[in-house]
Every structure is written in structure tokens, then in C-alpha cells.
Amino acid sequence: MGKKRREPLEIGHNLSFSFDDEQHLFIEPDAILRCAGKTMAFDVETAGLHWWRDRQIMMGIYCPRAEGGHLEGCIITDTPARWEAVRDNLYKISSVPGTVALAHNIKFDANFQALELWRMPWQIYDTAHMAHLDDSRQSKRLGDVEKVYLGTDSKRTHLGALGGDRRHMSNVRLATAAVYCINDCRVTYELARALTPVVNKHGLWSVLLEDMRYTGLLQRMERDGVPMDLEYIEHSRAFMKKRQDEKQSELWNLSNGGKSWNWRSPQLMSRILYDKMGVARPINPYADADGVDRSRFADRGMYNKTMTNSFILMEKAKHPLGPLVAELRETDKMLDVLELWTYLMDGNLLHTSLNQSRTRTHRLSAGEPNVQNMPSDVRGRAHTQVYSGDFTRQDEFKLRLAIKAPPGYLFDSTDYKQQEMRMFAILAKEPFMMESLRARRDIHADIAEAVWGVRDPVHREWSKTIAFGLIYGMTAGSLEHRLNTTREEAFRIADQYRAKFPRVMPFLKETIAYCKQYGYLKYWNGKLWRENEESYMYKGANALVQGGSAELLKVAGLRCQALLEGEFAGAGRLVIPVHDEWVFLLKEEVLPELAPRIAKVMECEDIFNLPFATEVKVAERYGALVKWEDWQKGERKVANWLGDSYEKQEEEPAEESNEEVEEIWEGLKG
DNA sequence: GCGACAAGCGCG
DNA sequence: AAAGCGCGCTTGTCGC
């Protein structure tokens, strides 16, 4: 069960050097002052990856034009005094005009050295991000980027000299680590030199400067952290553990006569749920006559070898244990989340890692923990496939309830309404959508009515689910299976879409044609999406929309930050971005004035001459958000998970299905 | 024992 | 092409 997590190692190296000729590798904290007004690269070596609890060992500096001549060397930061001296000196030079700081993944180094980049006036350049701006597809590891832009492979040369456990600097002789560290600084410096004309050539210099300001904002959110309610986490964990035990026994009883088996293995589950229980496997529509799927997408879709994902189990196989399996897996997944949160917790704070240079489309990604995929309070019955009416999870499963504002503060979540639809409409100049959005009508409901002739919530949700599928090239065959409908109906729906949106197909065609000609696409702000393989260029339209939306969210976030540093200084802070949403912590008393201002700023009407409509929700807990208008009327979602709320809420839906299962089981025994 | 891959599922 | 797109995290499996 519990994942093996590596503990940070003790720093056991010997601080006295055996060879005099190694002394030149090391410099004192005051040497940093020689970099004032100059361009310098820095890099830290650490005994772990978590800045809020792991130790920093050394900082390397590389500054060829330092005052008094070329400077390179490592500063040992093993004592608080030395570490603080480094920090103080970096702050000093950061306010000297002309100082430029270079680093590869600068947030990592800055976090360990407690440099708050957002309030340091020097200009920073992150070489990983510069490489990302040139080609978002490539690996951003220092060694890889060095090979691409400098044509050298010094990383490997030095790695070979390390010996021992190379993953941790603490296991390496100090002098060896210093050589390695200084080399990284030198490579970073040379990379910045090589990448500057590249970024400039793409016309992306001002975007780079904006992105570097964004780096500061992201770092600030990481450091401030997400405030968590440890009491909720403990309660929820205990509840789910108990629930998991119950469900597991139930599964074993109903599938294997009470004998245990590892339901986490899809292979085993496939054999037991289908072969042993004698339930027919769904027919793979892409398989040959002998039942074998020989298409190149055989292992990609829902109809894989095991056919045990919840959608297939419930909607296709109609397996009587489908709901039970789904619930067991959901509980298991959420217990994993709680375990990770607990492992990463810093007091009551979670410091996520927001990665600016990882995704193909220039979206952000988040990890340790991923704050962009936390279970919300509602979910579809069959996960992300067919919408069949959603329901609210019970409190113990609404993990967002664990995120709790400090006293006097409230969470403000401002998100875009149909952000990607809006972006698509603008980029494709799609008249029906533009009109619907400009008139502030509900576009998904409009589409539902046009296609199905029904405006109810279920059809609206269907529309949401498949809209982008159709826009980005989903075929009628795939649609047929997604909607669990007939081939004819799928074709009819697809045709309705194309008729309703005359610009959809031309936009796709034009996008592909552009990409064929240039090998890349350009976002509304100039960022590149490269693709050379013709068969993948259909993905470009999605990239323009998804990535373009991410760029809008970035601009909106920076503008909100300016608001919170200026007119509303001290009123609150940004907490996390979630693709089409900014989450804020705001002082309760300024919220009535501030929330509408934020909502307005985020609309960014000046950029496209069309507002990106926003919606404000408010709550003490992220998992209990209420529309701002309703909040003002006194509406609250009460998180009454303490005490006996579970017993009160528990429903009894299991009776019928259990009988059904018992019958099957009785039949099997006989 | 480790890395790579598959499967599964959480989010937008 | 019987292709919606983009992520992160965990477990199981298999080969080295």
C-alpha cells in the first residue's frame, strides 16, 4: 500500500579537504558582492527536493565579468550563518541596477535559498523556460538543453566522475560536487547567451519578460502555500479506510466466495469479473472477427485487453459489481491523495510545485501535490465518459473541503465561463458562438437545444462533454461509443454540429495548412506550438485554444497581483491557478469591494474587444464554494462532516443490485 | 532492484 | 485512422 518515499539523506561529507589544489573551488559569501550590476548564474546543490524541510549544501556562482575579474566557485552553506550571508548578499546585489540573475529552473534554487523573486528588482532569466519558448516539446533537463544549444555534453563528463550514489549530492565528496555545481552554472550562463537570440528571433522577448514576472508570482504562491485543515484530513482518512475495508470484503464475498484477491490488478480483475463470474465481455468495436484489436489504438482506448475500467464495466458490460468496483477505486485513489498530502505537509501548509515549462501547449502543470486535479464536490456517474446525471459526493470524499481559510479570510474562486469555447469562437471567428457569447447566453444550452431539441441539464452536459470532441476531430464512430448510441444518431449529431458551426471545419483546415507550411503555429500572443509530423497537426487547433487560454489566465493573474500590491495592498493573495480559474484568499471585510474588481480585471476585455465572462464563488473552504450573489444573500454550504453527519446522509441504494449479484453468485456456486 | 510501460482515474 | 486535447500520481507487470 504505502509508497516508499525516500527520506532526505544525512549530510555526511567531510568538510576538510585533503588536497590544497581543491581550495580554489570554494569561495566565501562576500564574493557575491562582486556580481553587483553584472550578469551571473547560480545553482544550488541540496540533500533533498523539498525546500521547506530539506537542506541546502552549497551554492555555485559563475560570473565572468565580476568586479575584479572572472569569478566562479562554490559557497558552502552548511551553517545558518553562511546560508544567511549568501541570501543577504544576493538581496544586496539584486537592487543594484543592471544585475541579471540566470538559473535553470530558477524557482527551485530561489526556494532553497529563500529568495523571494517577486520582490527582487534584478532581472531574472530562467534558461529552462527560454528553451521551452523555443520548443515546448523538448526535454528541459540541463544536460539535454546543453546538447541542443551548446553542442556539448559536460554533464555526462562530470557525472562519470561522481561515483557512489549519484542521485544525492550528500553522498558525494564535497569537492567533486563543487566541480559539478560550478559546471552547471557555467553551462547555464552559456545557455542564456545562446538562447537570447533564439527567443528574440521568435519575437518573444517581451513575452519572456512577462513570463519571468509570472515565475515570481508562481513562486510566491508556492511559498505562501495552501492552508489545510488537518482535522478534516484525519477524519476523512479514517472514514475512507473503514469504507474501503467494507467495500473490499463485499467485493471478495460477491466475486470469490469471500476469498481475497488483489483487485488493484486489472489482469486479475478481468479474469475474475468476466471469466470466473461468467459475465460477457463487451464487444470491442475495433476488433477483428477473432476478437483481437489490431489497430494502432488498441492499447489507448477504453476497449483494452482487460476491459475493467469503470465506464466499460458499468455502461458496456453492465457488470453487477461495476458500481462497487468504481467506489472501491475512488476510495483508494482518494486515500492515496490524503497520504501524499500528509507526506508533503509543512505544518498546515501545502507547497505545490507549479511548473511553467513542462506542457506541450504552454499550460501550467502542478505536482507534489497536484493542486489542479483535486476531487471536486460533484462528479459524473460514469466518470468522464457518458454523463448520466451527476451527484454530490458526500463530505468525506470532497477533499477540497480540506482547504480552509485562516480566520478573517475567505476563498474567492473566480473562473471563466466557457473559457475555451470563447477562445475558440474568437480564434475561429465562429459566428453562432460569437453571437451566443456576446449576448451572454448559455452556449452549451443553446447547442443542446439545437442538436437534441432539449434544454435540460443532462443534454447541456452532453453538449459540454462532446463539443470539443467534435471540434477537434472526434469521429462519428468514436462519438457513437461515447454517447452509447447508434451509428446513425452519432452521424446525425455530428452533422448538426457542422451545420450549426460553419467555421469549425475551415478553421481546422486552415490551422493544419499553416502548420504544414511553417512547422509551427502562433498563439495570440506569439508563443509557438511546433509540430512537424503531418498526422498530428490536427492537434494544433486544440493547442491554440488551450494554450491561448492559459496565456490569458497568466495575464489575468499578473493584473490581479498588481491590484493586490497597489490599490488593495494587504487585502489578500493569490493561492492557485486551475486552468480557467484563479483562487484567492481575501480578507472578509474587503471582499465585497474587491471580488467584483477582480472579476472585472480578469475579463481582460481590452485584449480581444470581447469580455471573457467570469463567475465569482466564495467560501471558507475551497470545497464549499457558493456563487457570490448567493453568498451575499446568506446562502452557505455547510460542511457538517464532523459528528454523525455520515449516518444521516447514508443512502440505501444497494439492496436491489446486491440481490442481483447474489443470484449470479449462487448460480456460479451451483 | 530498477526502469519502462500499461491501466486506471482525478482535474480543466 | 476505427485519432478530441492537455496534465500528475499510483499500482501492477514485465524485462533487464
Side-chain angles (χ1 to χ4, degrees), chain A residues 1-4 136 167 262-270 284-288 293-313 325-326 328-337 339-341 352-353 355 358-376 378-380 382-385 393 397 399-400 415-416 418-420 424 464-482 487 494 508 529 535-547 549-550 553 576-581:
Chain A
M1 268 270 287
K3 187 197 167 191
K4 274 179 283 173
S136 65
R167 296 162 309 177
N262 184 2
W263 47 266
R264 290 187 182 87
S265 161
Q267 278 183 24
L268 193 52
M269 178 172 285
S270 189
N284 182 341
Y286 309 122
D288 295 335
D293 183 354
R294 292 186 179 78
S295 76
R296 55 179 291 193
F297 305 106
D299 59 346
R300 192 202 276 184
M302 310 177 292
Y303 293 95
N304 54 26
K305 291 176 210 123
T306 61
M307 296 209 199
T308 50
N309 79 52
S310 294
F311 173 71
I312 291 286
L313 237 33
V325 167
L328 195 52
R329 286 202 188 118
E330 181 185 39
T331 312
D332 200 42
K333 172 114 184 158
M334 293 200 181
L335 279 168
D336 282 344
V337 172
E339 195 187 342
L340 181 62
W341 284 2
T352 185
S353 179
N355 202 321
R358 188 113 109 201
T359 70
R360 185 81 163 75
T361 58
H362 301 276
R363 258 192 180 183
L364 294 174
S365 80
E368 287 212 299
N370 184 349
V371 291
Q372 296 184 319
N373 75 341
M374 291 181 296
S376 67
V378 292
R379 66 139 195 246
H383 304 271
T384 56
Q385 309 296 336
R393 290 178 163 115
F397 290 78
L399 297 194
R400 293 183 185 199
D415 70 340
Y416 290 110
Q418 310 112 17
Q419 186 194 21
E420 292 203 348
F424 181 90
K464 267 177 74 173
T465 306
I466 65 173
F468 281 103
L470 282 163
I471 287 171
Y472 299 134
M474 184 193 280
T475 60
S478 178
L479 188 63
E480 170 190 347
H481 297 106
R482 281 219 173 201
R487 176 62 59 115
L508 282 172
W529 184 85
S535 59
Y536 291 142
M537 289 181 183
Y538 72 94
K539 296 180 180 182
N542 172 267
L544 289 174
V545 172
Q546 191 187 101
S549 298
L553 192 78
I576 46 169
V578 195
H579 303 307
D580 66 345
E581 167 191 17

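The chains referred to below are lettered A, B, ... by the order of the sequence lines, with proteins before strands, and numbering in each begins at 1. Every value quoted in this text rests on a predicted model; they were computed, and no experiment measured them.
Put simply, the side chain of A/Lys539 and the base of C/dC5 share no donor and acceptor less than 3.5 Å apart. Taking 3.5 Å as the limit, the base of B/dG12 and the side chain of A/Arg363 contain a donor-acceptor pair of atoms between them. Checked by distance alone, A/Asn370 brings no side-chain donor or acceptor within 3.5 Å of a matching partner on the base of C/dG8.
Considering only the side chain of A/Arg264, C/dG12 comes nearest among C/dG12, C/dT13, C/dC7. In this structure, of C/dG6, B/dG12, B/dA7, it is B/dG12 that holds the atom nearest to the side chain of A/Val578. Nearest nucleotide to the side chain of A/Thr306, out of C/dG8, B/dC9, B/dA7: B/dA7. In this structure, the nucleotide among C/dG12, B/dC9, C/dT10 sitting nearest to the side chain of A/Asn262 is C/dG12. Checking C/dG12, B/dC9, C/dC9 against the side-chain heavy atoms of A/Leu340 singles out C/dC9 as nearest. Among B/dG8, C/dT13, C/dT10, the nucleotide with an atom closest to any side-chain atom of A/Lys333 is B/dG8. Nearest nucleotide to the A/Thr361 side chain, out of C/dG6, B/dC11, B/dA7: C/dG6. Comparing C/dC9, B/dG12, C/dC7 by their closest approach to the side chain of A/Gln546 singles out B/dG12. Nearest to the side chain of A/Asn304, among C/dC7, C/dT13, B/dA7, sits B/dA7.
A/Glu420 comes within 4.0 angstrom of nothing in the nucleic acid, heavy atoms only. A/Met334 comes within contact range of no nucleotide atom at all, as no heavy-atom separation falls under 4.0 Å. Note on A/Arg400: only backbone sugar-phosphate atoms sit closer than 4.0 angstrom, heavy atoms only; bases stay farther off. Using a 4.0 Å heavy-atom criterion, one finds that A/Ala541 contacts no nucleic acid atom at all. Within 4.0 Å of A/Gln419, counting heavy atoms only, lies no atom of the nucleic acid at all.
Looking at DNA chain C, the stems built from 3 or more consecutive Watson-Crick or G-U wobble pairs, each pair with its key distances under 3.5 Å, are B:1-12 with C:5-16.
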